[in-house]
Amino acid sequence: MRTRTPRRTRSWIAGATAVATLGLVGVIAVLNAGPSAAAQLAAPASPAPPPGFTLTWSDEFGGAAGTGVSTGTWKYDTGPGSTFGTGEIETMTNSTANVFQDGAGHLVLRALHSGTDPRAGWTSGRIETQAATFGADAGDVVRMESSIQQPNVTTANGAGYWPAFWMLGSTLRTGTTWPTSGEVDILEDINGRSSVFGTLHCGVNPGGPCNESTGIGSGERACSGCQTGYHTYAVEIDRSKSPEEIRWYLDGVNYFTLPATRVDATTWANAVHHPFFIIYDLAMGGGFPDAFGGGPNAATISGGQMNIDWVAVYNKKGGGTTSPPPAGTNIAQGRPTTASSTENAGSPASAATDGNTATRWSSAFTDPQWLQVDLGQSYNLSSVNLNWEAAYAKAFQIQTSQDGTNWTSIYSTTTGTGGNQTLNVTGSGRYVRMYGTQRATAYGYSLYEFGLTGTPGGNPSGATLLSQGRPTTASSTENAGTPAANATDGNTATRWSSAFTDPQWLQVDLGATHAISKVALNWEAAYARAFQVQTSADGTNWTTVYSTTTGTGGNQTLNVTGSGRYVRVNGTQRATAYGYSLYEFQVYGS
């Protein structure tokens with residue numbers, strides 16, 4: 001997907017109106033969509049809503065054979081595909097030759113070819129909902145789902161086919177540019193590969209925090225039988241947990257999850273914190289098919305069609321869960337807090353986690369000093385807030401621990417500025433502490449508040465993160481912007497990527513021999529289908545402690561048993577046409 005160009009609507013459809021209010025999603029959807037949508041709400045889609053969800057809107061495409069879509073519910077996007085910004089070569093029409101209901105409860109998008117030039121003469125269909133109101137309020141969840149049969153073509157006769165079920169942010173219709181407004185691709189396949197890609201587009205183009213125009217995605221996932229039968233494709237935007245996340249599903253199985261922490265808070269909010277409108281289209285040619293061999297060509301058949309059984313939007317209030325704290329919750333507040341020392345009885349350690357900025361902890365007037373909070377269980381941390389009194393730390397670390405004894409630094413500075421500092425971090429632990437090594441004044445260390453945000457989880461086994469910041473090398477790098485060190489810097493906004501050949505490896509030097517118990521791999525879209533995790537005492541002779549030929553990409557946590565000073569991931573088969581790419585490679589042990 002590295003050469004994929006953005007799927008944009010043309011001119012954002014003159015005269016279109018959008019309701020951008022997140023509340024009253026279901027009511028507004030019916031009002032915008034017109035009488036046909038109201039009828040659909042009275043007769044819900046075939047499957048019952050998932051547990052905890054209620055139906056907001058659906059369409060079962062029950063029109064007469066040979067009729068087009070209801071223009072009270074849908075609008076046609078017509079014109080040359082070249083105007084969409086994706087390199088497509090078809091012309092989209094509102095003809096019932098290209099977009100029609102079959103009289104048996106299905107919507108059909110059909111691509112047709114005329115003439116002898118395989119790169120010209122194609123027509124097809126693309127539609128989007130009139131309503132741009134499908135989303136989740138803060139604290140809630142929305143699920144968009146559809147039953148679809150991909151075009152019944154193969155890699156031999158389907159080069160150039162590009163079916164898609166996706167959605168764009170409502171703010172696109174009111175002036176926000178792509179990809180800032182957000183795009184969520186629920187289903188994409190290309191060239192008859194019998195696969196599925198799920199992707200979020202956000203930020204700026206090109207580049208930016210979302211690696212545009214590729215986006216942040218699942219990479220290619222197998223979709224057996226998706227050309228010959230109906231399968232369900234869904235996405236959930238979950239704003240009920242911290243961090244928020246988007247989850248992609250194939251036939252009810254979650255195959256990719258994207259947490260909000262993969263990008264900065266502003267980028268995420270611009271892309272996700274609003275309603276969406278839904279789009280179906282069957283493109284021909286373009287940047288995405290070209291990245292996997294190109295097309296159409298002389299062997300590409302005319303008449304391939306994308307068949308849609310039903311589409312539904314479901315909403316769930318409150319997420320239906322009680323365990324994760326709401327987004328932004330200070331998980332340190334009120335938790336047991338201790339310190340290396342206190343200046344006096346009026347400035348105890350607990351004053352830094354009582355939620356009251358009129359109280360404070362202050363230490364003795366020596367270095368080093370620390371303040372420590374017990375969260376009660378392991379958490380994946382996303383931020384630390386330090387609200388300093390005038391006596392602040394010039395040099396300090398933020399450290400985590402599973403047992404309160406063995407510590408890992410997840411943030412370090414020698415140029416602390418005091419004041420109110422919010423630090424974005426990546427790490428896990430039950431215990432978290434501020435470890436001050438150099439005071440900025442002649443007094444001790446003093447904090448009005450020590451706040452943390454994160455989600456339950458992390459590393460309950462007690463293993464220590466050994467790899468972060470350690471010397472890291474690789475067999476190759478794609479370019480200077482993706483060095484090996486990016487995979488062990490603790491920053492999920494950076495990544496290592498390799499050359500586009502097999503095999504490739506990434507290796508970290510732990511500095512001494514350790515017992516290894518766990519390896520975490522946070523893959524970018526270019527992941528390994530087949531790879532091994534290997535350990536070595538000398539960096540030359542390797543022992544395999546994990547091996548697979550069915551890698552799934554995404555976030556993988558592997559429990560292993562082994563020992564070594566050097567640990568590497570050795571990729572032997574890429575899952576895409578690109579190299580291997582890791583946001584983070586984490587090695588845990590003792």
Side-chain angles (χ1 to χ4, degrees), residues 6 8-9 12 18-25 28 132-144 166-186 198-217 235-248 256-278 313 315-319 324-331 380-385 420-426 451-455 491-493 583:
R8 297 179 235 186
T9 55
W12 320 132
V19 178
T21 304
L22 277 171
L24 302 176
V25 170
I28 296 172
T133 54
F134 308 125
D137 292 307
D140 296 344
V141 187
V142 65
R143 180 182 179 97
M144 289 78 164
W166 49 299
M167 56 191 191
L168 285 165
S170 62
T171 56
L172 193 64
R173 290 182 176 175
T174 55
T176 301
T177 58
W178 186 96
T180 303
S181 56
E183 173 184 332
V184 180
D185 299 328
I186 308 171
T199 309
L200 171 69
H201 293 277
C202 51
V204 296
N205 184 48
C210 304
N211 191 33
E212 296 302 345
S213 57
T214 300
I216 305 174
V235 73
E236 288 182 357
I237 298 175
D238 190 344
R239 301 188 61 197
S240 72
K241 59 188 303 184
S242 175
E244 297 177 356
E245 64 185 26
I246 305 175
R247 297 183 291 269
W248 280 259
F256 179 56
T257 298
L258 178 64
T261 50
R262 285 284 293 271
V263 298
D264 62 272
T266 298
T267 296
W268 182 265
N270 287 338
V272 175
H273 291 179
H274 50 61
F276 292 82
F277 56 96
I278 292 171
V313 178
N315 282 83
K316 177 162 62 174
K317 299 298 293 182
T329 297
N330 179 6
I331 57 177
N380 291 311
L381 300 176
S382 54
S383 73
V384 176
N385 178 255
N420 200 331
Q421 293 180 276
T422 297
L423 312 173
N424 295 319
V425 298
T426 300
L452 305 169
T453 63
T455 55
N491 182 358
T492 56
Y583 290 109

[X] vs [Y] side-chain heavy atoms within contact, under 4.5 Å:
X: Asp238; Y: Val142; value: no
X: Met167; Y: Val235; value: yes
X: Val425; Y: Ser383; value: no
X: Phe134; Y: Met144; value: yes
X: Arg239; Y: Glu245; value: no

Of all residues at least two apart in sequence or in a different chain, which pass the side-chain contact (heavy atoms from CB on, under 4.5 Å) check with Thr426?
none
Sequence-distant partners of Asn420, side-chain contact (heavy atoms from CB on, under 4.5 Å), two or more places apart:
Asn385, Asn387
Taking atom [atom1] of [X] and atom [atom2] of [Y], what is their separation to the nearest 0.5 Å?
X: Ile186; Y: Thr199; atom1: CD1; atom2: OG1; result: 11.0 Å
X: Asn205; Y: Asn211; atom1: CG; atom2: CG; result: 10.0 Å
X: Glu244; Y: Thr261; atom1: CD; atom2: OG1; result: 11.0 Å
X: Leu258; Y: Ile216; atom1: CG; atom2: CD1; result: 5.5 Å
X: Ile237; Y: His274; atom1: CD1; atom2: NE2; result: 8.0 Å
X: His201; Y: Ser213; atom1: NE2; atom2: OG; result: 7.5 Å

Taking all non-hydrogen atoms of both residues, which atom of Pro259 and which atom of Pro243 are closest, and how far apart?
CB-CG, 4.2 Å
Specify the closest pair of heavy atoms between Asn315 and Ala136, including all atoms of both residues, with the distance to one decimal.
ND2-CA, 4.3 Å
Backbone N/O of [Y] and side chain of [X]: donor-acceptor pair under 3.5 Å:
X: Thr171; Y: Thr176; answer: no
X: Asp137; Y: Asp140; answer: no
X: Ser170; Y: Pro275; answer: yes
X: Glu212; Y: Cys202; answer: yes
X: Asn330; Y: Leu452; answer: yes

Using the side-chain hydrogen bond (donor to acceptor under 3.5 Å, both in side chains) criterion, which residues pair with [X]? Sequence neighbours excluded.
X: Ser382; result: Thr453
X: Ser181; result: none
X: Trp248; result: none

Could you walk me through whether Trp268 and Arg262 pass the side chain to side chain contact (heavy atoms under 4.5 Å, CB included) test, one step at a time?
CA-CA 9 Å; Trp268 182 265; Arg262 285 284 293 271; over 6 Å; no
Hey, are Asp264 and Thr267 close enough side-chain-wise for a donor-acceptor pair under 3.5 Å?
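Side-chain D/A pair, Thr267 to Asp264: present.
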Any side-chain donor-acceptor pair under 3.5 Å between Trp166 and Glu183?
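Their side chains do not contain a donor-acceptor pair, so the 3.5 Å distance test is not met.
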Which is it for Ile246 and Thr257 under the side chain to side chain contact (heavy atoms under 4.5 Å, CB included) test, yes or no, and what are the steps along the way?
CA-CA 6 Å; Ile246 305 175; Thr257 298; over 6 Å; no
Establish, yes or no, whether the cationic atom of Arg247 lies under 6.0 Å from the six-membered ring centre of Phe256 and within 45° of the ring axis.
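No - Arg247 does not lie over the ring of Phe256 by the 6.0 Å and 45° rule.
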Determine, step by step, whether Leu168 and Phe276 satisfy the side chain to side chain contact (heavy atoms under 4.5 Å, CB included) criterion, reporting the C-alpha distance in whole Å, the side-chain angles of both residues, the deciding distance to 0.1 Å, and the verdict.
CA-CA 5 Å; Leu168 285 165; Phe276 292 82; 5.6 Å; no
List for me each residue that meets salt bridge (Lys or Arg N to Asp or Glu O under 4.0 Å) alongside Arg143, sequence neighbours excluded, and say none if there are none.
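Salt bridge (Lys or Arg N to Asp or Glu O under 4.0 Å) list for Arg143, sorted by chain: Glu145, Glu236.
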Audit row: Val384, Thr422, side chain to side chain contact (heavy atoms under 4.5 Å, CB included) steps and yes/no:
CA-CA 6 Å; Val384 176; Thr422 297; over 6 Å; no
